[in-house]
S.K.: 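Here it is: the structure, laid out below.
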Amino acid sequence: MKRTFLLAILLSSYCFLSAQTEKFNNDYILLGRKYVGKQFYPINNELFKEYSVNGNRTNYENESNKRRIQLACLVIAELRGQSGEFIPDIINGLHYFENEIWWGIPAHYSFSEPRRDTQTVELVSAGTASLVAWTIYSLHDKLEKAEHGICQRMNKEIERRMLIPALQNDYDWKRRTNNWNPWICSNWLTCIMLCEKDEERKQKALQQIRKCMDIFYDNYPEDGGCDEGISYWDRSVASFVDCCILWKMVTGEEFHINHSDAKLQAMVSYVYRLYIGDNASVNFADAIPYPTLHPASAFLIGKYVNDSTLCKYSAYVAKNFNFENNPSRLFLTSGSFPDVGREILFLQHYEEFINTPAVEPLISDSWLPISQVFSARDKNGLFIAAKGGNNNENHNHNDIGNYILYNNSNPVIIDIGVGTYTAQTFSSLRYELMNTRSAYHNVPLINGVEQREGAGYKATDISYSADSSIARFSLNIAEAYPSAAKVRSWQRTITMYRDNVIEIEEDINLKKNKGNTQLVFICYGQPTLSHEGIIKWHTKKGDIQLLYNSDQLRPAVERLQFTDQTLRSAWKDNLYRLTLKVISRKKKQVIRYTFK
């Protein structure tokens, strides 16, 4: 694509903004000024080595992200203000990245310290290449005036670190249907669009990217479900649509998957089909309970597939975060470091965006038959979601049959979600972590035994139905447990009656009853055991009761303690584990309990 065409996009976007909303511009300028005169200090190499020594990846990643945030904030401030005041600091940032040995993170590297001759392409290195590419492209003339040759040198670094190794290496992410594939490809396409000068290399790269995108799309479930969890949607499906948008910019042609394709529509709508309310979303697997949908990227994607619900949802988020006057708040929460490219492309549609109605997507029912995830809400704001699937999903937790319950967007029965990533998170010891074990999900301990990981541990006998009166989801969770659990079948049926009642039935058939079977509930807020057969929770928007048969079940409560800062931050040290021990020693029995 010719440089003049893209510059026209940039100039028209920023001229419009300058004329229409001074506060929008000034907020970014003030953000950039926080970094004026601040040095880009090299990261202590000992932090890189920590991952191989003790499994800690957070210390290095935090420092790495700080430098990328610093450059992104300076760049966006200069683009907003067009004053030249940020150019000296941006050049200092480019000097830093020119000298940083490798642009990635230790968890994605084969060596305990970075090597200049080993330029592996992974998530962070690709994102950094894209950030540098947008910097030298959008500010080319100013940068060259301040330091002649700097853009050419950085272009050579992008070629050496991204364009050549991405093309020449048969990376595993090229053959996978998870976030790595489209996330890296979107950054690769950006670098091709802005920096690639070799036409032969460009065409070969486009062939590979098309193959990667086809692999991602062809193997994605038809129901659009993201088994990595809702917070990974932004860098899986959203990045895939980024690729489609960039593909046309690079080639001048539409990508071969039609905008109105039913599967693509399902992939995109997933992000709001599992939306709970008040910025909370269903957080199965390695997902966070309150992911922030970035309006810039969501609106672009909604426009691309003509999904008005997503466009209105993005406007709703923008309104909640006062985006029109304070855009930098969301800019700083868009992933590990801001995506300058998404922001630039979004500005072409800003006038349309600010005139889009803000509507919260409170969907009454959702059913993903392949992913086996269901959700339902009633007219009074009671919300439940549950899952089947198998225990070999991407970012898997051992959680077949798990469900969560919210009352008017207030958490009651929750999924703990994702903790701070360490080496253990993606090792053979993953399921020793509290947040991945089935003992800390809302599924039973059967004869004292937890679920096991692996594709063979799965849900069976799935059924779903919904109408204006009820929504019902049923599954047999027996095969999620190893033989030591001594279970023939365990049919869990969840029924939401639309008059503020949820009934759960456990139809149990054990080979042997050892007297150590428990129903488990992970609770936000302390449950009150005030009367036999009744457990209560108080929420900001109303109380919830759990009614059970005290002749069948015996309750106990413990407070959960976390040292993990991610989990403590998400749940404010307010989690409890409620167990209802099954008293009867019968092998066959039916247990029912009700939330209302």
Side-chain angles (χ1 to χ4, degrees), residues 24 27-28 31 61-62 65-66 68-69 72-73 76 123 127 179 183 186 226 228-239 241-242 268-302 307 309-343 345-346 350 353-354 356 358-363 383 385 395 404 406 409-411 414-421 565-572:
F24 190 89
D27 185 58
Y28 277 105
L31 176 65
E61 289 177 24
N62 286 345
N65 290 338
K66 284 179 185 177
R68 286 146 180 81
I69 291 168
C73 291
I76 209 73
L123 300 178
N179 66 87
W183 189 349
S186 65
C226 179
E228 297 179 273
I230 199 79
S231 53
Y232 275 93
W233 177 90
D234 183 65
R235 283 307 184 184
S236 55
V237 172
S239 287
V241 179
D242 286 345
V268 167
S269 64
Y270 170 83
V271 73
Y272 59 78
R273 282 188 283 163
L274 293 185
Y275 176 76
I276 298 170
D278 288 348
N279 298 314
S281 291
V282 174
N283 67 313
F284 297 140
D286 270 0
I288 57 177
Y290 294 93
T292 302
L293 182 81
H294 197 283
S297 95
F299 188 76
L300 279 176
I301 291 161
D307 187 325
T309 301
L310 181 57
C311 290
K312 292 173 184 177
Y313 178 22
S314 67
Y316 168 80
V317 175
K319 183 179 179 181
N320 269 8
F321 283 87
N322 192 23
F323 183 69
E324 192 170 346
N325 297 316
N326 184 207
S328 66
R329 182 181 175 192
L330 282 169
F331 184 68
L332 289 172
T333 60
S334 57
S336 301
F337 52 92
D339 193 323
V340 171
R342 278 180 171 177
E343 201 82 4
L345 297 176
F346 159 73
Y350 186 75
F353 173 74
I354 60 175
T356 298
V359 181
E360 190 176 22
L362 301 177
I363 308 299
F383 177 95
H395 292 271
I404 60 174
Y406 281 63
S409 306
N410 285 263
I414 63 97
D415 189 306
I416 294 174
V418 64
T420 303
Y421 282 166
Q565 290 303 312
T566 300
L567 297 176
R568 293 184 69 180
S569 175
W571 301 113
K572 314 302 181 188

S.K.: Are any of the side-chain heavy atoms of Asp286 and Glu228 separated by less than 4.5 Å?
M.R.: no
S.K.: Which heavy atom in Ile416 sits nearest to a heavy atom in Trp571, and how many Å separate them?
M.R.: O-NE1, 3.0 Å
S.K.: side-chain contact (heavy atoms from CB on, under 4.5 Å) for Val268 and Val237? Distances and angles first, verdict last.
M.R.: CA-CA 7 Å; Val268 167; Val237 172; 4.2 Å; yes
S.K.: If every non-hydrogen atom of Leu310 is compared with every non-hydrogen atom of Gly302, which pair is closest and at what distance?
M.R.: CD2-N, 3.7 Å
S.K.: Compare all side-chain heavy atoms of Asn326 with those of Asp27 and state whether any distance is below 4.5 angstrom.
M.R.: yes
S.K.: So Asn410 and Phe383, side-chain contact (heavy atoms from CB on, under 4.5 Å) or not? Walk me through it.
M.R.: CA-CA 9 Å; Asn410 285 263; Phe383 177 95; over 6 Å; no
S.K.: Got Pro289 and Asn283 here, is their nearest side-chain heavy-atom distance under 4.5 Å?
M.R.: yes
S.K.: Does any N or O in the side chain of Thr333 come within less than 3.5 Å of the main-chain N or O of Leu330, such that one atom is a donor and the other an acceptor?
M.R.: yes
S.K.: Quick check: closest heavy atoms across Ser281 and Ile230, and the distance to 0.1 Å?
M.R.: CB-CG2, 3.7 Å
S.K.: Below 4.5 Å, heavy atoms only, C-beta onward: do Phe321 and Asn279 meet side chain to side chain?
M.R.: yes
S.K.: Quick one: which of Phe346, Phe24, Tyr316 gives a ring pair (Phe, Tyr, Trp, His ring centres under 6.0 Å) with Phe353?
M.R.: Phe346
S.K.: Do the side chain of Glu343 and the main chain of Ala296 share a donor and acceptor less than 3.5 angstrom apart?
M.R.: no
S.K.: From Thr420 OG1 over to Gln565 CD, what is the distance, rounded to the nearest 0.5 angstrom?
M.R.: 7.5 Å
S.K.: Rounded at 0.5 Å granularity, tell me how far NZ in Lys319 sits from NZ in Lys312.
M.R.: 13.5 Å
S.K.: So Leu332 and Leu31, do their side chains get closer than 4.5 Å, heavy atoms only?
M.R.: yes
S.K.: What is the distance from atom CZ of Phe299 to atom CG of Leu345, rounded to the nearest 0.5 Å?
M.R.: 13.5 Å
S.K.: What pair of heavy atoms forms the shortest contact from Asn325 to Pro327, and how long is it?
M.R.: C-CD, 3.4 Å
S.K.: Step by step, would you call Val418 with Tyr232 a side-chain contact (heavy atoms from CB on, under 4.5 Å)?
M.R.: CA-CA 12 Å; Val418 64; Tyr232 275 93; 5.9 Å; no
S.K.: Got a second to check how far Phe337's CZ is from Asn65's CG, nearest 0.5 Å?
M.R.: 7.0 Å
S.K.: Any idea which heavy atoms bring Tyr270 and Cys226 closest together, and the distance?
M.R.: OH-O, 3.1 Å
S.K.: Does the side chain of Asp339 come within less than 4.5 Å of Arg235's, by heavy atoms?
M.R.: yes
S.K.: Between atom CG of Leu362 and atom OH of Tyr313, what is the distance when rounded to the nearest 0.5 Å?
M.R.: 10.0 Å
S.K.: When rounded to the nearest 0.5 angstrom, what distance separates CD1 in Ile404 from CG in Asp415?
M.R.: 7.0 Å
S.K.: Taking C-beta and beyond as the side chain, do Asn179 and Leu123 meet within less than 4.5 Å on heavy atoms?
M.R.: yes
S.K.: Looking only at heavy atoms, what is the nearest atom pair of Tyr275 and Pro361, with distance?
M.R.: CD2-O, 3.6 Å
S.K.: Tell me if a side-chain donor or acceptor on Ser314 pairs with a main-chain N or O of Ala298 at a distance below 3.5 Å.
M.R.: no
S.K.: If you define the side chain from C-beta out and look only at heavy atoms, does anything of Ser269 sit under 4.5 Å from Asp307?
M.R.: yes
S.K.: Go through the steps to decide whether Glu324 and Tyr350 satisfy the test side-chain contact (heavy atoms from CB on, under 4.5 Å), and finish with yes or no.
M.R.: CA-CA 10 Å; Glu324 192 170 346; Tyr350 186 75; 3.5 Å; yes
